[in-house]
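A quick write-up on the structure given underneath.
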Amino acid sequence: MTQITLNASRYGGEHTIGTITQEQGHFWCEMGNKLFEEYLHFQWVGGDDKDDLNKKWNIPEHLQTLEFWEIDDIEHINAPEFEASNMIEFSIDEEEVIAELDFAKDEVKEMVLINDEETVNYEGDGVVVYAQSFVKGNFMNAFEVEGEFDLSKLQLKLTKWDDLLLVTGFMYDGEEVDHDGWQDDSWGKGQSAWIDEDTLKEDHDEWCNANPELMKLIASIHMKEDDTLVA
């Protein structure tokens, strides 16, 4: 077997779908998407209590959530994007590059298999949350093939996520290849998060009316933050 190392660049990221409780869903919907996005991605950004948003905002324990990358009981993908400014270099045992795929070239676009679009048919009791962390840098992976590597036998398996195509798998010589999974050496360039409000079971206005103390807390947080990001 021949070990093939992959180095992909430049854009990609981590994409998750998971669930939180109904109470958490209503609370963070009322907090608003801007603060919810900040909370999921930056609820703990330093080594001091003042950096802990749970403490800074006095979030009740039952309304605290995990960080975005841990809310992934439905889906979790970390992968480079299939887009024109990206490419993959292939090498043997991390030595000299033996082949490369430039995603901008038309012939490479003929080497892809697109999975069904990412859809969620969730019927549980939780509230569905989507989150993404976009990065720029390098993505590393590896797989094994029989004999000498032949790029013409390779196909890329892509997963469609909203308007993105992500490289999530490989076919080689007509068979799916086991791979190590993408590991990235990168830096952040943007975040997003949102709640699927269709998965809220109770009427949101009724929930707000039934929780006046939480409404006061939310109002005080908004006054303190003045709708600006702190991270």
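Taking every heavy atom of both residues into account, Ser9 and Asn138 meet most closely at CB-OD1, 3.6 Å. The heavy-atom pair separating Ala104 from Ala84 by the smallest distance is CB-O, 3.3 Å. Among all heavy-atom pairs drawn from Asp73 and Gly18, the shortest one is OD1-CA, 3.2 Å. What you find for Val127 and Gln22 is that their closest heavy atoms are CG2-NE2, 3.4 Å. Closest non-hydrogen pair, Asn78 versus Gly13, comes out as OD1-O, 3.2 Å. Closest of all the heavy-atom pairs between Cys208 and Met215 is O-CG, 3.5 Å.
The backbone N or O of Gly181 lies less than 3.5 Å from a partner atom in the side chain of Asn141, making a donor-acceptor pair. A donor-acceptor contact shorter than 3.5 Å is absent between the side chain of Asn86 and the backbone of Phe103. Under the 3.5 Å distance criterion, the side-chain polar atoms of His41 are left unmatched by any main-chain donor or acceptor of Ser133.
Taking 4.5 Å as the limit, every side-chain heavy atom of Asp52 sits out of range of all side-chain heavy atoms of Lys56. With contacts defined as side-chain heavy-atom distances shorter than 4.5 Å, the pair Tyr130/Glu75 does not qualify. Residues Met171 and Leu154 fail the side-chain proximity criterion, which asks for heavy atoms closer than 4.5 Å. Looking at heavy atoms from C-beta onward, Leu217 lies in side-chain contact with Pro60 at the 4.5 angstrom threshold. Between Ile59 and Leu53, the closest side-chain pair of non-hydrogen atoms is not below 4.5 Å. You'll find the side chain of Ile92 reaches within 4.5 Å of the side chain of Ile98, heavy atoms only. In this structure the side chain of Ile114 reaches within 4.5 angstrom of the side chain of Leu165, judged on heavy atoms. Residues Phe139 and Ile88 fail the side-chain proximity criterion, which asks for heavy atoms closer than 4.5 Å.
Between the side chains of Gln24 and Thr65, not a single donor N or O lies within less than 3.5 Å of an accepting N or O.
Linking Ile, Leu, Val, Met, Phe, Trp and Tyr whenever their side-chain heavy atoms come within less than 4.5 Å puts Leu35 and Leu200 in one cluster. Cluster annotation: Leu6 is connected to Val177 through the hydrophobic network of ILVMFWY side chains, with a link wherever side-chain heavy atoms come within less than 4.5 Å. Hydrophobic clustering of Ile, Leu, Val, Met, Phe, Trp and Tyr side chains at less than 4.5 Å, counting indirect connections, unites Phe68 with Leu66. Under a hydrophobic clustering in which Ile, Leu, Val, Met, Phe, Trp and Tyr are joined whenever their side-chain heavy atoms come within less than 4.5 Å, directly or via other members, Met111 and Val97 fall into different clusters.
To the nearest 0.5 Å, atoms NZ (Lys55) and CD (Gln64) are separated by 9.5 Å. Atom CH2 of Trp161 is separated from atom CD1 of Ile77 by 5.5 Å, given to the nearest 0.5 angstrom. Going from atom CD of Glu100 over to atom CD of Glu89 covers 6.0 Å, rounded to the nearest 0.5 Å. Rounded to the nearest 0.5 angstrom, Ile74 CD1 and Thr19 OG1 are separated by 5.5 Å. To the nearest 0.5 Å, atoms CE (Met31) and CD (Glu37) are separated by 13.0 Å. Taken from CD in Glu81 to CZ in Arg10, the straight-line distance is 11.5 Å, to the nearest 0.5 Å.
With a 6.0 Å radius and a threshold of 12 heavy atoms from other residues, nucleotides or ligands, Glu148 has its CD atom at or below the threshold. Counting heavy-atom neighbours within 6.0 Å of Met1 CE, excluding the residue itself, gives a total above 12.
Ring centroid separation for the pair His15 and Phe134 comes in under the 6.0 Å cut-off.
Within the structure, no pair that satisfies the salt bridge (charged side-chain N to carboxylate O under 4.0 Å, His left out) test touches residues 196-211, not counting sequence neighbours. Pairs engaging residues 133-144 under the salt bridge (charged side-chain N to carboxylate O under 4.0 Å, His left out) rule: none recorded [sequence neighbours left out].
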Next item on the list: Tell me, with the steps shown, if Leu214 and Trp207 meet side chain to side chain contact (heavy atoms under 4.5 Å, CB included).
Entry: CA-CA 10 Å; Leu214 289 179; Trp207 183 88; 3.8 Å; yes

Next item on the list: Give the intermediate values and the outcome of side chain to side chain contact (heavy atoms under 4.5 Å, CB included) for residues His76 and Glu14.
Entry: CA-CA 7 Å; His76 194 147; Glu14 198 166 3; 2.6 Å; yes

Margin query: One pair to check against side chain to side chain donor-acceptor pair (under 3.5 Å): Trp57 and Glu225. What are the steps and the verdict?
Written below: CA-CA 9 Å; Trp57 292 346; Glu225 295 302 321; 2.8 Å; yes

Checklist line | Audit row: Ile17, Asp72, side chain to side chain contact (heavy atoms under 4.5 Å, CB included) steps and yes/no | finding: CA-CA 5 Å; Ile17 309 174; Asp72 63 349; over 6 Å; no

Item checked: From CA spacing to verdict: side chain to side chain contact (heavy atoms under 4.5 Å, CB included), Leu158, Thr168 -> CA-CA 6 Å; Leu158 309 183; Thr168 52; 5.8 Å; no

Check: ring-ring contact (aromatic ring centres under 6.0 Å, His included) between Phe143 and Phe170: does it pass, once the steps are laid out?
Finding: CA-CA 9 Å; Phe143 55 72; Phe170 309 93; 5.3 Å; yes

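Between Tyr172 and Phe149, the ring planes are parallel. Angles under 30° get that label, and only those over 60° would be called perpendicular. Taking the six-membered ring for Trp and thresholds of 30 and 60 degrees, Phe36 and Trp28 have ring planes inclined between 30 and 60 degrees apart.
Lys109 has a carboxylate O that lies under 4.0 Å from a charged side-chain N of Asp106, or vice versa, which qualifies the two as a salt bridge.
Among Val108, Leu101, Leu166, the single residue meeting the side chain to side chain contact (heavy atoms under 4.5 Å, CB included) criterion with Phe82 is Val108.
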